[in-house]
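Every value quoted in this text rests on a predicted model; they were computed, and no experiment measured them. Heads up: numbering here begins at 1 and tracks the sequence.
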Amino acid sequence: MSEASNDPYIPLGAPREGVRDAGPPEGLAPAAVLTLDDADEIDTDVLIVGSGMGGGTLAYALREAGAEVLVVERGGFLPREPENHQPEHMYLKGRYKNAGYWYDGRTGEPFAPGTYYWVGGNTKFYGASLPRFRCSDFTEVEHQEGVSKAWPFSYEDLEPYYGEAERLFDVHGQVGEDPTEPKHSTSYPFPPLPHEPAVERLAESMRKQGLHPFHTPNALNISSPADRAAIATADGCPDDTGIKAEAENKVVVPALQAGRVTMMVRTEVTRLLTSDDGRRIVAAEARHQGRIIRINAKRVALAAGAVNTAALLMRSATRAQPHGLANSSGLLGRNYMVHNSTFFVGVNPLRVNDTRWQKTLGMNDFYEVGETNRYPLGNLQMLGKLQAPMLKPARQWAPTWALKFMAARSIDIYLTTEDLPSLDNRVRVDGDKILIDWVPTNVAPHHELVRRVTRIVRKAGYPLIFTQQMGIETNSHMCGTAVAGHDPASSVLDVNCRSHDIDNLWVADASFFPSSAALNPALTISANALRIAPSVVDGL
């Protein structure tokens, strides 16, 4: 366990020993990133907590709104260095892991969560897969083991913002290949990334099996084989080239360059303070440079991730709101969802796979109810090309030479099935500890998806199949802990993701999701931040 996890006065965003914390990127005015050397108090119109996909996009959307916007990030700027693209540093040495430990609420055992405190949040490490949710994901859907709840707005309501988010993040894609693809009012900004030969062979085999593989939406500005080689490990590792579009380079830095948005890094918001009647946030307390400061704000938007957003509201409890702020419904922290997810590896010992950027293919033939499945099963997408250090944590007993042999001859897939909302799956706090109660739901359909893909991949020429279902620590797709809805009795937030209880509090991360869908959530988080931005500054 890291020192930071034991000492509440050492920010968890601090990098590991030997990791240089980069300063602000070149081209930013010195005043864009604030340091309070002497003052213990600062004022702003809008405080945004978190600089990932939600907080970063919201800051960008407000950059010209006429309001003073302050983004507070727990971590610092991740350095661009050779270790960024060396998997052994990421997967074996944990070079950029800085979130300390959370705890399994059932067993009390600590685990290192799949979340990161850096400017740009988890997008620094994501695989740049930016799909839109399907129309059905916004409606009530019956699953084999329960019901996926309807959202308080429709796909059509979010659709224009999806297009705007795709432009912001330079998404490469193609409409018309996937039968489940919803209507687009605008084309993808860039054509899809072509498959490399091994992936194209898999796609052709799928088509011969009557399936509909498609080119996945990618936020990667690849223009040559050299570019593909340069970002070969960018699914799971930072990108030191700038090819990967993520929150720091596409929304946070442009927002800071606009002049009305500023940022504080290495600053952890620890508590929100309310007015006497409890209807408004008046300030936030934060740890900054080893001391507590006060940030006075007219509006507050939380985008710290579904776990940390809920935890902050719980830790801000008052005598009048003893179970946490914005919690009159009793649902704060509940309905925690991630995804049922499996790393799926098919190996042909006689065929080398020299693919550089493998994450170009998806398949949704079993995503919705169809002739062959009574209930939704989920999504297939490629993983970035696995290497031996990426496999080692899951197969520690295996010699490295064997893992290298396997990785050189494998096709690597990520399978996702929807995790359903459950009141028993929740976030709790115990002092400085975060506890996660989570038992996967909707597991049987996920196992069926794995079985079907096993048959598909074997027919494609990969006879050896290895799978690893992800556990409680794999939570990069977490959502649902402050659900949005129309009724204050059954939701935490309203349709604009504003608290039912607190007039000047919004949530801009995936905490608001009523359901998890079975696709990567990043684009939906960004699109929703664009959607709710006008309401955050309305009337200021």
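- Heavy-atom contacts from other residues, nucleotides or ligands closer than 6.0 Å to CZ of Arg374 number 12 or fewer.
- Across all non-hydrogen atoms, the minimal contact from Val71 to Ser51 is CG1-CB, 3.9 Å.
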Verdict with supporting geometry, His212 and Asp365, side chain to side chain donor-acceptor pair (under 3.5 Å):
CA-CA 7 Å; His212 302 84; Asp365 285 63; 2.8 Å; yes
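- Trp357 and Asn218 share a side-chain donor-acceptor pair at under 3.5 Å.
- Taking every heavy atom of both residues into account, Ser476 and Asn122 meet most closely at CA-ND2, 4.2 Å.
- Here the shortest heavy-atom pairing between Asn348 and Tyr462 reads N-CD2, 3.6 Å.
- Asn84 places a side-chain N or O within donor-acceptor distance of the main-chain N or O of Glu81, the cut-off being under 3.5 Å.
- Checked by atom type and distance alone, the side chain of Asp239 never pairs as donor or acceptor with a backbone atom of Ala234 at under 3.5 Å.
- Each of Arg134, Lys183, Arg132 was checked for a salt bridge (Lys or Arg N to Asp or Glu O under 4.0 Å) with Glu159, and the lone residue meeting it is Arg132.
- At distances below 3.5 Å, not a single donor-acceptor pair connects side-chain atoms of Ser205 with backbone N or O atoms of Arg201.
- In this structure, the side chain of Arg260 engages the main chain of Gly66 through a donor-acceptor pair within 3.5 Å.
- Side chains of Glu196 and Thr355: a donor-acceptor N/O pair is absent below 3.5 angstrom, by distance only.
- Residues Ile456 and Met363 have side chains in contact (heavy-atom distance under 4.5 Å, counting atoms from C-beta outward).
- Using modelled atom types, one side-chain atom of Glu145 and one backbone atom of Asn442 make a donor-acceptor pair closer than 3.5 Å.
- Rounding to the nearest 0.5 Å places OG1 of Thr360 at 9.0 Å from CD1 of Ile222.
- Note that NE2 of His486 is 9.0 Å distant from NE2 of His500, once rounded to the nearest 0.5 Å.
- Separation of the Tyr414 and Phe343 ring centroids falls under the 6.0 Å cut-off.
- A distance of 8.0 Å separates OG1 of Thr115 from NZ of Lys97, quoted to the nearest 0.5 Å.
- Residues Leu256 and Arg63 are not in side-chain contact: their nearest non-hydrogen atoms beyond the backbone lie 4.5 Å or more apart.
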Give the intermediate values and the outcome of side chain to side chain donor-acceptor pair (under 3.5 Å) for residues Thr417 and His339.
CA-CA 6 Å; Thr417 301; His339 277 143; over 6 Å; no
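- For Thr342 (side chain) and Phe344 (main-chain N/O), no donor-acceptor pair under 3.5 Å exists by modelled atom type.
- For the pair Lys124 and Tyr116, the cation-pi test (distance below 6.0 Å, angle within 45°) is failed.
- The side-chain heavy atoms of Phe125 and Glu246, taken from C-beta on, include no pair separated by under 4.5 Å.
- The two residues Leu505 and Ala326 have their closest heavy-atom pair at CD2-CB, 4.1 Å.
- In terms of modelled atom types and a separation under 3.5 Å, the side chain of Thr123 and the main chain of Ala247 share a donor-acceptor contact.
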Please determine whether side chain to side chain donor-acceptor pair (under 3.5 Å) holds for the pair Thr441 and Asp419, giving the CA-CA distance in whole Å, both sets of side-chain angles, and the decisive distance to 0.1 Å.
CA-CA 5 Å; Thr441 67; Asp419 186 24; 2.7 Å; yes
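- Under the 4.5 Å side-chain criterion, counting only non-hydrogen atoms from C-beta, Pro445 is not in contact with His143.
- The backbone N or O of Asp538 sits less than 3.5 Å from a side-chain atom of Arg299, completing a donor-acceptor pair.
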From CA spacing to verdict: side chain to side chain contact (heavy atoms under 4.5 Å, CB included), Asp412, Met382:
CA-CA 6 Å; Asp412 315 303; Met382 305 304 295; 5.6 Å; no
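- Contact of the Val507 side chain with the Thr309 side chain is registered, since non-hydrogen atoms from C-beta on lie closer than 4.5 Å.
- A distance of 10.5 Å separates CG of Leu383 from CD1 of Ile411, quoted to the nearest 0.5 Å.
- Proximity of Thr180 to Phe214: side-chain heavy atoms (C-beta onward) are nowhere separated by under 4.5 Å.
- In summary, the side chains of Ser422 and Arg334 do not present any donor paired with an acceptor at a separation below 3.5 Å, with no hydrogens or angles considered.
- For the pair Cys237/His85, no side-chain contact is recorded, criterion being any heavy-atom separation below 4.5 Å from C-beta on.
- Residues Ala303 and Gly55 approach most closely at CB-N, 3.3 Å, considering heavy atoms.
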Step by step, would you call Trp506 with Leu302 a side chain to side chain contact (heavy atoms under 4.5 Å, CB included)?
CA-CA 6 Å; Trp506 284 257; Leu302 302 183; over 6 Å; no
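- A donor-acceptor pair under 3.5 Å is absent between the side-chain atoms of Thr474 and the main chain of Met470, judged by distance alone.
- Taking the ring centre of Tyr336 as origin, the terminal cationic atom of Arg426 falls outside the region bounded by 6.0 Å and 45° from the ring axis.
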May I have the step-by-step check of side chain to side chain contact (heavy atoms under 4.5 Å, CB included) for Val307 and Met478, ending in yes or no?
CA-CA 8 Å; Val307 168; Met478 57 187 168; 3.5 Å; yes
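- Inspection of the Asp157 and Ser154 side chains reveals an N or O donor paired with an N or O acceptor under 3.5 Å.
- A ring-centre distance under 6.0 Å is not found for Tyr96 and Tyr117.
- Rounding to the nearest 0.5 Å places CG of Leu415 at 10.5 Å from CG of Leu377.
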Quick one: do Tyr367 and Leu519 satisfy side chain to side chain contact (heavy atoms under 4.5 Å, CB included)? Show the steps, please.
CA-CA 10 Å; Tyr367 193 88; Leu519 292 164; 3.6 Å; yes
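- Among Lys244, Arg356, Lys359, the single residue meeting the salt bridge (Lys or Arg N to Asp or Glu O under 4.0 Å) criterion with Asp235 is Lys359.
- Ser516 has its side chain within reach of Glu418: a pair of non-hydrogen atoms, C-beta onward, lies under 4.5 Å apart.
- Distance alone, capped at 3.5 Å, is enough to place a donor-acceptor pair between the Thr139 side chain and the Ser136 backbone.
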Applying side chain to side chain donor-acceptor pair (under 3.5 Å) to Thr524 and Tyr162, what does each step give before you reach the verdict?
CA-CA 7 Å; Thr524 299; Tyr162 269 134; 2.6 Å; yes
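- A donor atom on one side chain and an acceptor atom on the other are found under 3.5 Å apart for Lys385 and Ser410.
- Taking all atoms of both residues into account, the shortest heavy-atom contact from Pro514 to Pro421 is O-CG, 3.9 Å.
- In summary, the side chains of Asn373 and Glu368 do not present any donor paired with an acceptor at a separation below 3.5 Å, with no hydrogens or angles considered.
- Atom CG in Leu70 sits 8.5 Å away from atom CD1 in Ile48 (nearest 0.5 Å).
- Between Arg207 and Glu204 there is a salt bridge, with a side-chain nitrogen of the basic residue lying less than 4.0 Å from a carboxylate oxygen of the acidic one.
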